[in-house]
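A quick write-up on the structure given underneath.
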Amino acid sequence: MKENLNILIKNTLDYCIKEGLLKETTPPNYVVEVPASREHGHLATNLAMMLASSQKRAPRDIAKIIVDNFRDPERFLEKIEIAGPGFINFTISSVEWLKGLKNIIDLDKGYGAAAKRDESVLVEYVSANPTGPLHLGHGRGAALGDTICRILEFRGYEVSREFYINDAGVQIRLLGESVYARWKQIKEPDYPFPEKGYHGDYVIDLAKEIEKEADLSTMDKEAAIITCSEIGKAKMLTELKKDLEQFRVSFDTWFNESDLFKNGLVDKALNEMKEKGKLYEKDGALWISTSGYGDDKDRVIKKQDGQYTYFASDIAYHMDKYRRGFKRALNIWGADHHGYINRVQSALKTNGVSGKWLSVLLIQLVKLWKEGEEIRMSKRAGQYVTMKDLLEEVNVDAARFVFLTKSSDSPLDFDIDMVTKNDNENPVYYVQYAHARICSIFRKAEAEGVDVLPDTDINLLKMLTLEEEIDLIRTLDGFPELLDSICDSFEPHRIVYFLTDLAARFHRYFNLGIKDAENRIITSDVNLSKARLALVAGVRIVLRNGLDLMGVSAPEKM
RNA sequence: GCGCCCGUAGCUCAGCUGGAUAGAGCGCCGGGCUUCGAACCCGUAGGCCGCAGGUUCGAAUCCUGCCGGGCGCGCCA
């Protein structure tokens, strides 16, 4: 609707200028938006106020010119009013809203989707080290990344989901040493455990499993540790994939850091930078001069001991991403990585890649609450709640919904008790209940012999005359725009608030029928019933499509 | 010390590129089911939007400076 109105506004503006009613000017940055109050119509624009300075006239005078000359040949609008300091308020003809509803029902699962566009996005998320189980922070990143990908795809972007496996550095080695030590301890309980090793019980489980698969006792220590590293990593990855799959999160590409070295991509990246004169040696180490590109200081890329730093492989990785031809890249990182953003972007700029090509979405920490107390997580002590633990207690729908409820800028308190409850304290049920309720209405209608999928012709829909009914359609109409705003802002929490608001409007509408039988959806008037069923069918479509984009189920009964 | 994020109702948080009277959930108090699902709805109370300036027709939103909280600033990974 907004788009349609925008066209009319633009035509009117052009007309007024052509007729000399307004001075020629570059179009101001005005907005068309849904006003907060219903008294202000369906849509409103601040155009006249934005024009005031260039026209050197009072906003209300300009508004009057626009309103008096409004170009609306198809009678799209029912009413135009000037209000307040110079807002122009539009009331759209109710037939237009009914057409909008019909469109939603016709498109069904495709409502909210956009045509394929020539824009590819690489989204990297989770990227947990395969040295331990997924924790709640990873869960938040997984829910967020997955939902962003689903929405981008729905809006026509070509999306590739990627998980980067840090498998080339010392932490995999440390995993091997930890597993090896646990294996030794089966026979020699006093065998020393590496100081910085991984203390979690899962390491003991790994040691037991590896013993079944490989005869470590016939190997020398080094070979045994390498075996432990390799098998340990493979097993941890299997676990990660399993947990993620259960969480309805999948990836197109599992990218091994070690492949960057194997395929010579790190050397290649370094050589290119060397040729461009971006590298230099100092104090026996190799440095990259990122400081000219927005970084605070230059960074070491190869240490005195000849080992590459992580930065080296990260540069190679991001250059590889770029060369694979993606138009944009998005990384989803924990907030503790924020110091790294500037560094990576600077490195990209050093290589001639625009800093805007890579966006980074930071997510704040997750705190876990149980029985009114915070459960502090400590990796060193091997004490933390894993995704696996969580999913044993909490269903996937509830977990994903809660992870998505808050802005990623805000730390998340995850209250296990609330999310475990099967009552109205659990926020996911509010939206799901609305969906199930509509399904129930349809079952009832079917039982009463009402044609449940009428061919939604506009004349039938004209039975919808209640204010609440048009309001519902208006909300449904905002769905595609909501999705677009999420694609631009990477703020998927907005969909939660949108769906909660839609569910609230539906519940309120439904409850009108408790007070007054005339307002029930299935009434004694068959045509009215059909029209109202079409309306709630539209609500059901948006609830279902929206929940689907969140990776949350839309149950027919609950 | 420098950088990023946050500060909105008793609690947890929304508030979309600046818009009209700042909202929701939970909690408190009070109401609503003989017929479509009460996992629902309606109503009351509750706010110097951290503080102080600035930008303009207009600021919770943008700018500056403070205050308070979180995180990050390695030849760690």
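Since we're looking at a predicted model, the values are computed, not measured. So you know, we letter chains A, B, ... as the sequences are listed, proteins then strands, and number each from 1.
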Is there a Watson-Crick or G-U wobble partner for [N] with both distances under 3.5 Å, and which nucleotide is it?
N: B/U44; result: none
N: B/U64; result: B/A52
N: B/C26; result: B/G10
N: B/G72; result: B/C2

Check residues 474-482 of chain A and write down every donor-acceptor pair under 3.5 Å in which the side-chain atom is one partner and the other belongs to a residue at least two apart or another chain.
{"residue": "A/Arg474", "atom": "NH1", "partner": "A/Asp471", "partner atom": "OD1", "Å": "3.4"}
{"residue": "A/Arg474", "atom": "NH2", "partner": "A/His42", "partner atom": "O", "Å": "3.3"}
{"residue": "A/Thr475", "atom": "OG1", "partner": "A/Asp471", "partner atom": "O", "Å": "3.1"}
{"residue": "A/Thr475", "atom": "OG1", "partner": "A/Arg505", "partner atom": "NE", "Å": "3.1"}
{"residue": "A/Glu481", "atom": "OE1", "partner": "A/Lys2", "partner atom": "NZ", "Å": "3.1"}
{"residue": "A/Glu481", "atom": "OE2", "partner": "A/Lys2", "partner atom": "NZ", "Å": "2.8"}

*Parallel, tilted or perpendicular, as decided by the 30° and 60° cut-offs, for the rings of A/Tyr340 and A/Phe311*: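 A/Phe311 and A/Tyr340: perpendicular rings.
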*Classify the angle between the aromatic ring planes of A/Phe255 and A/Tyr317 as parallel (below 30°), tilted (30 to 60°) or perpendicular (above 60°).*
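The arrangement is tilted - the two ring planes meet at 30° to 60°.
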For [X], check salt bridge (Lys or Arg N to Asp or Glu O under 4.0 Å) against everything at least two apart and list the hits.
X: A/Glu491; result: A/Arg494
X: A/Glu556; result: none
X: A/Lys64; result: A/Asp68
X: A/Arg155; result: A/Asp484

*Quick one: do the A/Gln171 and A/Asn166 side chains pair a donor with an acceptor below 3.5 Å?*
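No pair is found: no donor N or O on one side chain lies under 3.5 Å from an acceptor on the other.
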*A/Glu257 and A/Ser313 side chains, donor-acceptor separation under 3.5 Å*: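 Judged by distance alone, the side chains do pair up.
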Say we look at [N] and [M]: how far apart would their [atom1] atoms be, to the nearest angstrom?
N: B/G19; M: B/C63; atom1: P; value: 14 Å
N: B/G1; M: B/G18; atom1: P; value: 33 Å
N: B/U21; M: B/A60; atom1: P; value: 11 Å
N: B/U64; M: B/C2; atom1: P; value: 14 Å
N: B/U44; M: B/A24; atom1: P; value: 11 Å
N: B/G23; M: B/G43; atom1: P; value: 13 Å
N: B/A22; M: B/C49; atom1: C1'; value: 8 Å
N: B/A20; M: B/C16; atom1: P; value: 11 Å

*Kindly write out the residues that satisfy ring-ring contact (aromatic ring centres under 6.0 Å, His included) with A/Phe163, not counting sequence neighbours, or none if the list is empty.*
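Partners of A/Phe163 by the ring-ring contact (aromatic ring centres under 6.0 Å, His included) criterion, ordered by chain and then number, come out as A/Phe251, A/Trp254.
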*Check ring-ring contact (aromatic ring centres under 6.0 Å, His included) between A/Phe510 and all other residues, then give those that pass, not counting sequence neighbours.*
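Per chain and number, A/Phe510 pairs via ring-ring contact (aromatic ring centres under 6.0 Å, His included) with no residue.
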*For residues 278-297 of chain A, which residue pairs qualify under salt bridge (Lys or Arg N to Asp or Glu O under 4.0 Å), counting only residues two or more places apart or in two chains?*
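Matches after skipping sequence neighbours: A/Asp295-A/Arg299.
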*asked:* Going by salt bridge (Lys or Arg N to Asp or Glu O under 4.0 Å), name the pairs with one or both residues in residues 398-410 of chain A, residues two or more places apart or in two chains.
replied: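 Every pair satisfying salt bridge (Lys or Arg N to Asp or Glu O under 4.0 Å) with a residue in residues 398-410 of chain A: A/Asp146-A/Arg400.
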Heavy atoms under 4.0 Å, any strand shown: does [X] hit a base, just sugar-phosphate, or nothing?
X: A/Asp409; result: sugar-phosphate
X: A/Ala434; result: nothing
X: A/Glu257; result: nothing
X: A/Ala58; result: nothing
X: A/Pro411; result: sugar-phosphate

Could you tell me how far apart [X] ([atom1]) and [N] ([atom2]) are, to the nearest whole angstrom?
X: A/Asp413; N: B/C6; atom1: CG; atom2: P; result: 17 Å
X: A/Ile151; N: B/C16; atom1: CD1; atom2: C1'; result: 14 Å
X: A/Arg505; N: B/C40; atom1: CZ; atom2: P; result: 18 Å
X: A/Leu499; N: B/A39; atom1: CG; atom2: P; result: 21 Å
X: A/Ile363; N: B/C6; atom1: CD1; atom2: C1'; result: 16 Å
X: A/Met418; N: B/U12; atom1: CE; atom2: P; result: 13 Å
X: A/Leu482; N: B/U17; atom1: CG; atom2: P; result: 13 Å
X: A/Glu491; N: B/U17; atom1: CD; atom2: C1'; result: 11 Å

*asked:* With a cut-off of less than 4.0 Å, is there a side-chain N or O of A/Tyr429 near OP1 or OP2 of B/A39?
replied: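 Checking B/A39 against A/Tyr429, no side-chain N or O comes under 4.0 Å of OP1 or OP2.
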*With nearest nucleotides of RNA chain B determined for A/Tyr30 and A/Ser408 from heavy-atom distances, which residue corresponds to the more 5′ nucleotide?*
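Mapping each residue to its closest nucleotide by heavy atoms, the 5'-most match is A/Ser408.
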*So which one's nearest nucleotide on RNA chain B is more toward 5', A/Cys439 or A/Thr405?*
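Its nearest nucleotide lies further toward 5', so the answer is A/Thr405.
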*Within the modelled atom types, does a donor on one side and an acceptor on the other bring the side chain of A/Asn89 and the base of B/A20 under 3.5 Å apart?*
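Flag set: donor-acceptor pair detected.
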*Which parts of nucleotides 21-36 of chain B does protein reach within less than 4.0 Å, heavy atoms only, written one letter per nucleotide 5' to 3' as B for base, S for sugar-phosphate only and - for none?*
B----------B--BB
*Produce a footprint string for nucleotides 71-77 of chain B: one letter per nucleotide, 5' end first; B if the base is under 4.0 Å from any protein heavy atom, S if only the sugar-phosphate is, - if neither.*
BS--BSB
_side-chain hydrogen bond (donor to acceptor under 3.5 Å, both in side chains) between A/His318 and A/Asn331, intermediate numbers included_ = CA-CA 10 Å; A/His318 284 91; A/Asn331 289 353; 2.9 Å; yes
Pairs: protein N or O with nucleotides 56-62 of chain B N or O, under 3.5 Å:
none

*Select one nucleotide: of B/A39, B/A20, B/A14, the one nearest the side-chain heavy atoms of A/Met558.*
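Selected nucleotide (nearest to the side chain): B/A39.
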